[in-house]
Amino acid sequence: MLEALKEKVLKANLDLVKNRLVLFTWGNVSEIDRETGLVVIKPSGVEYDGMTAQDMVVVDLNGKVVEGDLRPSSDTPTHIEFYKAFPDIGGVTHTHSTFATAWAQAGRAIPFYGTTHADYFYGDIPCARSLTKEEIEGEYEKNTGLAIIEKFKNDNIKPLEVPGVLIKSHGVFAFGKDGANSVYNATVIEEVAKMAFLTEHINPQVQRADQFMMDKHYMRKHGKNAYYGQTKKK
């Protein structure tokens, strides 16, 4: 079942290691097949070395395992809430990458300081609130997803315009059109987080860059009249 998708999700998970976003088992990637409503996700606590496509777990949008001999990632309920709330996304990545997680632990959004940020994120990379004691002691992973969705809806953030988020005291989630794209965005988040950290240390009085600069750089890559890159041949 979904054999090609399992291969894609395996590669996306291995790219977390390749891109130096994870240590040990500190991350996971999933991708949804919108036709069937089924999600393929990394198994829980399994080392990346030696992991195969057949180790990937297929679950439905209720979190029920449809296929697989291993338990799905413990973050599966978080991923599911994103797929239910954001029909445009096709992939989700979760990491505890160093610099981005440091911003999350500080409870700070990553501010827009330059064009690298604007090439990928049309706004600051937000930080969702801490979970309450009741939320943590209840359905913790589901409530993590709900807190992030609350942040996006309250601030009118579109997940494909700002395809990533921090959650206070936790880590990073990134979104994409598929699993591979979500890993790409998670990688950019880590680099932007590093740049922002260094920027504030070089100039503690630095101000957020101008909105017109963000408009220009984001729209030239993603806008209706985008001109960055090459035109695909028909």
Side-chain angles (χ1 to χ4, degrees), residues 16 18-23 26-27 78 82 86 89 92-133 135-136 143-176 181-229:
L16 294 180
K18 177 183 173 184
N19 296 357
R20 299 182 179 181
L21 296 179
V22 299
L23 293 172
W26 300 0
T78 312
F82 295 147
F86 305 136
I89 70 170
V92 176
T93 291
H94 175 48
T95 79
H96 295 258
S97 62
T98 304
F99 281 85
T101 299
W103 285 88
Q105 291 180 169
R108 286 190 60 191
I110 302 173
F112 165 52
Y113 286 140
T115 60
T116 308
H117 183 130
D119 281 341
Y120 299 94
F121 298 93
Y122 194 47
D124 296 349
I125 299 168
C127 185
R129 64 174 174 82
S130 296
L131 271 63
T132 65
K133 183 173 185 287
E135 287 171 327
I136 290 172
N143 290 331
T144 297
L146 293 176
I148 289 170
I149 293 163
E150 170 192 286
K151 177 67 174 175
F152 272 64
K153 292 190 173 178
N154 286 348
D155 293 359
N156 196 29
I157 301 169
K158 296 178 181 179
L160 288 184
E161 290 186 354
V162 182
V165 61
L166 315 177
I167 189 158
K168 176 73 166 65
S169 305
H170 187 166
V172 186
F173 286 90
F175 311 122
N181 185 230
S182 71
V183 172
Y184 186 100
N185 289 329
T187 306
V188 176
I189 290 171
E190 177 63 8
E191 289 303 306
V192 169
K194 187 186 301 183
M195 291 176 188
F197 172 81
L198 293 171
T199 298
E200 291 194 356
H201 275 258
I202 294 167
N203 179 6
Q205 285 77 46
V206 65
Q207 298 295 309
R208 190 176 181 277
D210 294 314
Q211 183 64 37
F212 57 78
M213 179 182 285
M214 173 170 282
D215 292 342
K216 179 65 176 182
H217 272 262
Y218 185 84
M219 292 304 174
R220 73 175 188 157
K221 290 190 78 168
H222 306 284
K224 183 174 65 173
N225 299 313
Y227 60 87
Y228 179 90

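Residue K221 places its NZ atom among more than 12 non-hydrogen atoms of other residues, nucleotides or ligands, all under 6.0 Å distant.
The structure places NZ of K151 at 8.0 Å from CG of N154, a figure rounded to the nearest 0.5 Å. With values rounded to the nearest 0.5 angstrom, Y228 atom OH is found 14.5 Å from Y218 atom OH. Interatomic distance, K158 NZ to N156 CG, rounded to the nearest 0.5 Å: 7.0 Å. Between Y227 atom OH and R220 atom CZ the span is 5.5 Å, to the nearest 0.5 Å. The CD1 atom of I149 sits 12.5 Å away from atom CD1 of I157, with the distance rounded to the nearest 0.5 Å. For the atom pair CG (N19) and OG1 (T187), the distance works out to 4.0 Å, reported to the nearest 0.5 Å.
Inter-residue side-chain proximity for L131 and I167 is flagged as met; some heavy-atom pair is nearer than 4.5 Å. Considering only heavy atoms from C-beta on, T115 comes within 4.5 Å of M213 through its side chain. Contact check for T144 versus H170: side-chain heavy atoms found under the 4.5 Å cut-off. In this structure, the side chains of E200 and Y113 come closer than 4.5 Å at one or more pairs of heavy atoms. Counting heavy atoms from C-beta on, the side chains of F121 and I110 never come closer than 4.5 Å.
Looking only at distances, a side-chain donor or acceptor of H117 sits under 3.5 Å from a matching main-chain atom of G123. Looking at E191, its side chain never comes within 3.5 Å of a backbone N or O of I189 through a donor-acceptor pair. The closest donor-acceptor contact from the side chain of N185 to the backbone of N181 lies under 3.5 Å. Side chain of W103 to main chain of L166: no donor-acceptor pair is present (N/O by atom type, distance under 3.5 Å, no hydrogens or angles). Counting only distance, with no hydrogens or angles, the side chain of E190 and the backbone of F99 share a donor-acceptor pair below 3.5 Å. Put simply, the side chain of T93 gets close to the backbone of V183: a donor and an acceptor are under 3.5 Å apart. Between the side chain of H96 and the main chain of V172, no donor-acceptor pair closer than 3.5 Å is present. Listed for the H222 side chain is a donor-acceptor partner under 3.5 Å among the backbone atoms of D119.
Across all their heavy atoms, A209 and G114 have their closest contact at CB-N, 4.3 Å. Considering all non-hydrogen atoms of both residues, A128 and A147 come closest at CB-O, 4.0 Å. The two residues P126 and A109 make their nearest non-hydrogen contact at CA-CB, 4.0 Å. Nearest heavy atoms, T95 versus A186: CG2-CB, 4.4 Å. Closest of all the heavy-atom pairs between S182 and A174 is O-CB, 3.4 Å.
Every residue meeting the salt bridge (Lys or Arg N to Asp or Glu O under 4.0 Å) condition with D124, not counting sequence neighbours, appears here in chain and number order: R208.
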query: Going through the checks in order, is the side-chain contact (heavy atoms from CB on, under 4.5 Å) test met by F152 and F175?
result: CA-CA 12 Å; F152 272 64; F175 311 122; 3.8 Å; yes
